[in-house]
Protein chains: 2
Amino acid sequence: MARAGLTVERVTIAGAALADEVGLDRVTMSQVARRLGVKDASLYTHVRSLEDLRGRIALLAADEKTIRIAEATAGRSGKDALVAFANAWREYAHQHPGRYMATQTPLQIDPELAAQAPGPRRAVELTYGMLRGYGLAEPDLTDAVRLLRSTFHGFVALEAAGGFAHERSPQHSWVRALDALHALLENWPPLQEGDS
Amino acid sequence: MARAGLTVERVTIAGAALADEVGLDRVTMSQVARRLGVKDASLYTHVRSLEDLRGRIALLAADEKTIRIAEATAGRSGKDALVAFANAWREYAHQHPGRYMATQTPLQIDPELAAQAPGPRRAVELTYGMLRGYGLAEPDLTDAVRLLRSTFHGFVALEAAGGFAHERSPQHSWVRALDALHALLENWPPLQEGDS
DNA sequence: CTCGCATCCTAGAGGCTCTAGGTATAAGCT
DNA sequence: AGCTTATACCTAGAGCCTCTAGGATGCGAG
């Protein structure tokens, strides 16, 4: 029989596509194998386990998201950069819900594999670069980065979980949240007493 | 044989406990049944499916979290209330990681069941009550509520996923994030041009 | 005491993950 | 071209999972 020409990458991409279509927790070895026209046992040549596959999907998503953000923020600064960064993040989550959800799992991934992924380091650089214009210094810079990441992630996660079901459109709240974060970054509060 | 005296509530609580101990995606009908000293088929008298059980765990968690927040914020206002609210949220997520993760799933729950749960409405009231002191009016109030929820949820979700692995302690960033949100609420930006 | 019913059981179909071991194809060597 | 070797893919199967169907039994109501 003709070989299917599988690789780790093709298996991961098939899994990621399936995750976006039917939801991450419906991604099974059997389904991925079926989609690739192969028996499920064959996948274990390329991927250690289902958990390994999910980890690889998460890494793929992180890389893709970082690339989108890099493209969106290139040549921008200040509020322009903030808005482009945030919108690229949110749009990636909307377009690839299954992939995005994979990034939320406490990934039990092979540390060696994670280390060779370009995503994380690049993402950190991008975020710090975006904040350059606001004139923050460490440790405020780290705190601001974490606040932004929390808000972006939290917003799209709640959106995906149906947390904003009612009344006002999420889009309006999103735009206003970006206004608010921009204002906050321009006027970052000094250390309070009791902050330890 | 003696009856086990199961109820929907006991099954849900057993599932929730299991989720906290071994992780939400290791919660299976079989494991829950084993823990209750019962055959797995017996659970289907009380719970429609595994997905149904997960939805009930999510609802339980939402209610419990709301109660904790209510207790923590009672009699407080201003920044005190904000900090108490946020800390209660985060502590609940830390103490009950499995339950908390259940609340993140796009819950396909029986709408009738969801409607009778006191959590959501109560949670909304609490959040608006906490913001009363900041003098915001609609629609800014809704936007502010969503921003706060996004940030709180995003922070603990990233924390749980190992997103803050390095350098500075998450606790410091958390305290500073609350400082920042307080400052932001006291100085909520007016509508910008281009906000549509 | 007995009737009715909800609760718990056994049995089993079908899907899933993953391992062990076999077959055959593509690539490399002469 | 023929031969060899590595490996991509296969079959078979163990074991766990969800969920349904139908039977038995303990408990409350009369």
Side-chain angles (χ1 to χ4, degrees), chain A residues 1-60 98 101-102 105-110 113, chain B residues 1-60 98 101-102 105-110 113:
Chain A
M1 62 214 60
R3 300 210 173 179
L6 296 188
T7 62
V8 203
E9 288 75 21
R10 285 197 58 204
V11 173
T12 305
I13 289 172
L18 195 58
D20 287 338
E21 287 168 27
V22 304
L24 182 63
D25 46 40
R26 280 190 172 79
V27 173
T28 66
M29 287 290 174
S30 305
Q31 290 298 328
V32 173
R34 216 158 295 160
R35 161 174 298 233
L36 290 167
V38 138
K39 297 295 169 186
D40 41 335
S42 306
L43 297 182
Y44 289 84
T45 307
H46 305 280
V47 147
R48 200 191 317 276
S49 67
L50 176 60
E51 195 155 4
D52 181 41
L53 173 60
R54 288 164 73 123
R56 288 173 191 276
I57 293 174
L59 249 49
L60 172 68
M101 178 163 269
T105 73
L107 55 158
Q108 321 271 37
I109 213 168
D110 193 348
L113 175 64
Chain B
M1 60 218 54
R3 299 211 172 176
L6 296 187
T7 62
V8 202
E9 289 75 21
R10 285 198 58 205
V11 173
T12 305
I13 288 172
L18 196 58
D20 286 338
E21 288 168 26
V22 303
L24 182 64
D25 47 39
R26 280 189 173 80
V27 173
T28 67
M29 287 292 174
S30 305
Q31 290 297 329
V32 173
R34 214 158 296 160
R35 158 172 302 230
L36 289 167
V38 138
K39 298 296 171 186
D40 41 334
S42 306
L43 297 182
Y44 289 84
T45 306
H46 305 280
V47 146
R48 202 192 316 276
S49 67
L50 177 61
E51 194 154 4
D52 182 40
L53 174 60
R54 287 164 74 121
R56 288 173 190 276
I57 293 173
L59 249 48
L60 172 68
M101 179 163 269
T105 73
L107 55 159
Q108 320 270 37
I109 213 169
D110 192 348
L113 176 65

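Per chain, numbering begins at 1; letters A, B, ... match sequence-line order. Note that the coordinates shown come from a computational prediction; the quantities given were computed from them, not determined experimentally.
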Of all residues at least two apart in sequence or in a different chain, which pass the side chain to side chain contact (heavy atoms under 4.5 Å, CB included) check with Ser49(B)?
Glu51(B), Asp52(B)
Rounded off to whole Å, could you give me the CG-to-C1' distance for the Asp25(A) and dC16(C) pair?
14 Å
Between P of dC16(C) and CG of Leu53(A), the distance in whole Å
14 Å
Could you state the interatomic distance from CD1 (Ile57(B)) to CG (Leu18(B)), rounded to the nearest 0.5 Å?
8.0 Å
Sequence-distant partners of Asp20(A), salt bridge (Lys or Arg N to Asp or Glu O under 4.0 Å), two or more places apart:
Arg99(A)
Would you kindly give the CZ-to-C1' distance between Arg35(A) and dC16(C), to the nearest whole Å?
18 Å
Please report the distance, rounded to the nearest Å, between CG in Leu50(B) and C1' in dT20(D).
16 Å
Below 4.0 angstrom, which residues in residues 11-22 of chain B have at least one non-hydrogen atom near DNA chain D?
none
Please check the phosphate of dG15(C) (OP1 and OP2 only) for any side-chain N or O of Thr28(A) closer than 4.0 Å.
no
Check: Asp25(B) and Met101(B) side chains under 4.5 Å, non-hydrogen atoms
no
Spacing of Leu6(B) atom CG relative to dT25(D) atom P, expressed in whole Å:
19 Å
Any side-chain N or O of Arg34(B) below 4.0 angstrom from OP1/OP2 of dC17(D)?
yes
What integer distance in Å separates Arg26(A):CZ from dC16(C):C1'?
14 Å
Rounding to 0.5 Å, atoms CG (Leu6(B)) and CG (Leu36(B)) come to a distance of 5.5 Å
Strictly below 4.0 Å: does Gln31(A) bring a side-chain N or O up to OP1 or OP2 of dG15(C)?
no
Check this one for me: any side-chain N or O of Arg48(B) less than 4.0 Å away from OP1 or OP2 of dT18(D)?
no
Any pair with a residue in residues 29-39 of chain B that passes side chain to side chain donor-acceptor pair (under 3.5 Å), sequence neighbours left out, goes on the list, sorted by first then second residue, please.
Glu21(B)-Arg35(B)
Tightest non-hydrogen contact, residues Thr28(B) and Leu50(B), listed as CA-CD1, 4.4 Å
Kindly indicate whether the side chain of Leu53(B), heavy atoms from C-beta on, has any atom under 4.5 Å from the side chain of Leu43(B).
no
Tell me which residues in residues 39-46 of chain B lie within less than 4.0 Å of DNA chain D, going by non-hydrogen atoms.
Asp40(B), Ala41(B), Tyr44(B)
Measure the shortest side-chain to side-chain distance between Val27(B) and Arg54(B) over non-hydrogen atoms and say whether it is less than 4.5 angstrom.
no
